[in-house]
Amino acid sequence: MATILGRLSRSATIPGRHARCLRTLKTQAFRSSLTTSSTAYLCGVAAATSAYLGWRWLHGGSVVQAAKPRRHIDESSLRGLKLNHRERRFIKFSSVEYQGQLYMSPQDFIESVTDSEPRPRLKRRMLSERDLEQFAQETPALSKGSPDMFRTIFDKGIISYTEYLFLLSILTKPQTGFRIAFNMFDTDGNERVDKEEFLVLEKIFSTARRDRLNRALEGAVKANDAGADDEVVLEDELQKSHVVDTTLLLHFFGRKGKQDLKFEEFKMFMENLQTEVLEIEFNEFSKGLPAITELDFAKILLRYTYLQSDQYEMYLERLLDRIPEGKGITFSEFKSFCQFLNTLDDFAIAMKMYTLADQPISQEEFHRAVKICTGAELSPHIVDTVFKIFDDDGDGQLSYKEFIAIMRDRLHRGFKQQEPSEGWAGFKACVKNAMRSQQQQDQQPSLT
């Protein structure tokens, strides 16, 4: 501990290194004491480091338990095996369970892509055969799909983890990619997808994920010197071997599973899902009105980004200064812009070829690139609003590199892996980074 505190105290003389750490500590009083008293700062670091090391010891304990003979790996132990971001989010938002496997309801899925936290609940609901039968009766047929289907079903349905990944991919697919997605399922090329072809997706994800977890498990066993005769049972709460007719399977293929899915039906489902999620986001800000303000539009674009609070406020203040009285943005304009974002990679390529030297672009060039990538045009007002948000010096030119970087965050809806920057997790990351930086300095040869 003395060594750690010594290194941190030496690095404390570099203000920029710990600026983000100080932002993560919430109380203003503690911030003041940190900046005025080096002793208080070191005590705070000592307490945080001690708590962190204790947490690591306890966390490591779950891995040791996981490697014992005939020990089933529960949800908390699976986290110890480094679940990825999507797996953790699925576990966090899933509100129902059937025969030991977790499922999302349609409402859970909507919340997972529009909210940062799930709605409050005491515990997961344990489903019975009777519940599944009721869900099957209330699942609409494919011909009755609509842009409010998930909201209508609400919690009277189930979505598996592999279907969750599939639905996430739909949200970022441009319309030109709908055919590619369909052809991935249509393995025999007959322009129809049956239930067995659709379930191939589950097999692919299941095999890849189980291999990854097994490799992690083997590493945990070796690290804890488990005996050769020990048997570890992997109880995967996300993907089990049994097959249940989920809401998607019933919707696509009927209760008997004999119907086929045609491309036009598949395309309509994807369009409806994209529209439904966008409607939910739009309605959150419109409050029943036909349009949202330009400021609300900016908040929607920036809500999933990893900007610091001062940067976030800078964008909003810049927009308010440039559009003191806006005329509003309709849902049609908002939807068109979000559909354009699904072609962001193509847009980046087009702009690189167009400018050649990574120069800022004008509104006219922006309009042209969007038309090339999507075949459709954005309204002049929404393009003007975008420029007023991202045009640094107000010269009518957009730094498209900065624009694309921020819009990629928006497109991924917070699913990109990102180092934490707030709260306890952010403070731990800062302490670790400071220690790592000091170690690198210590290892460098002296110039004297």
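A quick note: this is a predicted structure, and the numbers were derived from the prediction, not measured.
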Donor-acceptor contacts under 3.5 Å from residues 381-390 side chains, at least two apart:
unit_1, atom_1, unit_2, atom_2, d
His381, NE2, Glu294, OE2, 2.8
His381, NE2, Gly328, O, 3.4
Asp384, OD1, Gln363, NE2, 3.2
Asp384, OD1, Lys388, NZ, 2.9
Asp384, OD2, Lys388, NZ, 2.9
Thr385, OG1, His381, O, 2.9

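Of the charged side-chain nitrogens involved, none lies within less than 4.0 Å of a carboxylate oxygen, so that Lys156 and Asp131 do not count as a salt-bridged pair. Ion pairing of Glu284 with Arg303 is present here, as a side-chain N (NZ or NE/NH1/NH2) and a carboxylate O approach within less than 4.0 Å. Glu117 has a carboxylate O that lies under 4.0 Å from a charged side-chain N of Lys92, or vice versa, which qualifies the two as a salt bridge. Using a 4.0 Å cut-off between charged nitrogen and carboxylate oxygen, Asp391 and Arg318 do not count as a salt-bridge pair.
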Could you walk me through whether Asp108 and Ser94 pass the side chain to side chain donor-acceptor pair (under 3.5 Å) check?
CA-CA 6 Å; Asp108 292 337; Ser94 58; over 6 Å; no
What do the steps show when you test Tyr312 against Glu317 for side chain to side chain donor-acceptor pair (under 3.5 Å), and what is the final call?
CA-CA 9 Å; Tyr312 178 83; Glu317 290 175 0; over 6 Å; no
The test is side chain to side chain donor-acceptor pair (under 3.5 Å); show your working for Thr162 and Ser160 and say whether it passes.
CA-CA 6 Å; Thr162 50; Ser160 70; 3.2 Å; yes
Given Glu271 and Gln175, is the side chain to side chain contact (heavy atoms under 4.5 Å, CB included) satisfied, shown in steps?
CA-CA 8 Å; Glu271 290 176 348; Gln175 293 197 357; 3.7 Å; yes
Would you please test Ile406 and Tyr315 for side chain to side chain contact (heavy atoms under 4.5 Å, CB included) and show each step?
CA-CA 12 Å; Ile406 293 178; Tyr315 282 110; 3.2 Å; yes
Begin from the C-alpha positions of Glu111 and Arg151 and carry the test salt bridge (Lys or Arg N to Asp or Glu O under 4.0 Å) through to its verdict.
CA-CA 11 Å; Glu111 291 176 357; Arg151 286 170 286 182; over 6 Å; no
Apply side chain to side chain contact (heavy atoms under 4.5 Å, CB included) to the pair Arg125 and Ser95, showing each step before the final yes or no.
CA-CA 6 Å; Arg125 177 186 175 188; Ser95 65; over 6 Å; no
Start with the C-alpha gap between Leu278 and Thr275, add the side-chain angles, then the distance that decides, and say whether side chain to side chain contact (heavy atoms under 4.5 Å, CB included) holds.
CA-CA 5 Å; Leu278 293 177; Thr275 300; 5.8 Å; no
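Residues Asp296 and Thr293 have side chains that bring a donor and an acceptor to within less than 3.5 angstrom of each other.
Residue Leu411 comes nearest to Thr172 through the heavy atom pair O-CG2, 3.4 Å, listed as atom of the first residue, atom of the second, then distance. Closest approach of Asp392 to Arg322, counting heavy atoms only: O-NH2, 3.2 Å. Between Ala136 and Leu250, the shortest heavy-atom contact is CA-CD1, 3.6 Å. Closest non-hydrogen pair, Phe182 versus Val193, comes out as CE1-CG2, 3.6 Å. When all heavy atoms of Thr247 and Gly157 are compared, the closest pair comes out as OG1-CA, 3.1 Å. What you find for Val277 and Thr114 is that their closest heavy atoms are CG1-CG2, 4.2 Å.
Taking the six-membered ring where tryptophan is involved, the planes of Phe150 and Phe269 are tilted, since the angle between them lies from 30° to 60°.
Annotation: Leu289, atom CG; neighbour count of heavy atoms from other residues, nucleotides and ligands within 6.0 Å is above 12. Within a 6.0 Å radius of CD in Glu364, other residues, nucleotides and ligands contribute 12 heavy atoms or fewer. By the 6.0 Å contact criterion, CZ on Arg130 is open, its count of non-hydrogen atoms from other residues, nucleotides or ligands being 12 or less. In the displayed structure, Met184 atom CE is contacted under 6.0 Å by at most 12 heavy atoms of other residues, nucleotides or ligands.
A donor-acceptor contact shorter than 3.5 Å is absent between the side chain of Glu138 and the backbone of Phe135. Between the Gln137 side chain and the Gln134 main chain, no donor and acceptor come within less than 3.5 Å of each other.
Scored by the side chain to side chain contact (heavy atoms under 4.5 Å, CB included) test, Glu377 finds Lys371 as partners (sequence neighbours excluded). Remark: Glu313 pairs with no residue by the salt bridge (charged side-chain N to carboxylate O under 4.0 Å, His left out) rule, at least two apart or across chains. In this structure, the salt bridge (charged side-chain N to carboxylate O under 4.0 Å, His left out) partners of Asp345, at least two apart in sequence or on a different chain, are Arg408. Looking at residues two or more places apart in sequence or on another chain, you find no salt bridge (charged side-chain N to carboxylate O under 4.0 Å, His left out) involving Asp148. For Phe334, the ring pair (Phe, Tyr, Trp, His ring centres under 6.0 Å) test picks out Phe282, with sequence neighbours left out. Residues passing the ring pair (Phe, Tyr, Trp, His ring centres under 6.0 Å) test with Phe154, sequence neighbours excluded: none. For Asp321, the side chain to side chain contact (heavy atoms under 4.5 Å, CB included) test picks out no residue, with sequence neighbours left out. With sequence neighbours excluded, the residues satisfying side chain to side chain contact (heavy atoms under 4.5 Å, CB included) with Met270 are Ile170, Lys173, Phe178, Ala181, Phe266. For Glu163, the salt bridge (charged side-chain N to carboxylate O under 4.0 Å, His left out) test picks out no residue, with sequence neighbours left out.
Separating the CG atom in Leu165 from the CZ atom in Arg86 is a distance of 7.0 Å, to the nearest 0.5 Å. A distance of 11.5 Å separates OG1 of Thr374 from CZ of Phe337, quoted to the nearest 0.5 Å. Here the OH-CD distance, from Tyr161 to Glu87, works out to 4.0 Å after rounding to the nearest 0.5 Å.
You'll find the side chain of Ile292 reaches within 4.5 Å of the side chain of Ser286, heavy atoms only. Residues Asn183 and Ile180 have side chains not in contact (no heavy-atom distance under 4.5 Å, counting atoms from C-beta outward). Side-chain contact check for Leu132 versus Ile158: some heavy-atom pair is nearer than 4.5 Å.
Tyr98 and Tyr103 have their aromatic ring centers separated by at least 6.0 angstrom. For Phe109 and Phe93, the ring centers are positioned 6.0 Å apart or more. Aromatic rings from Phe185 and Phe166 are positioned such that their centres are separated by under 6.0 Å.
Among residue pairs with one or both ends in residues 248-268, those qualifying as side chain to side chain donor-acceptor pair (under 3.5 Å) are Glu133-Arg255; sequence neighbours excluded. The stretch residues 185-197 participates, sequence neighbours left out, in these salt bridge (Lys or Arg N to Asp or Glu O under 4.0 Å) pairs: Arg179-Glu191, Lys195-Asp245.
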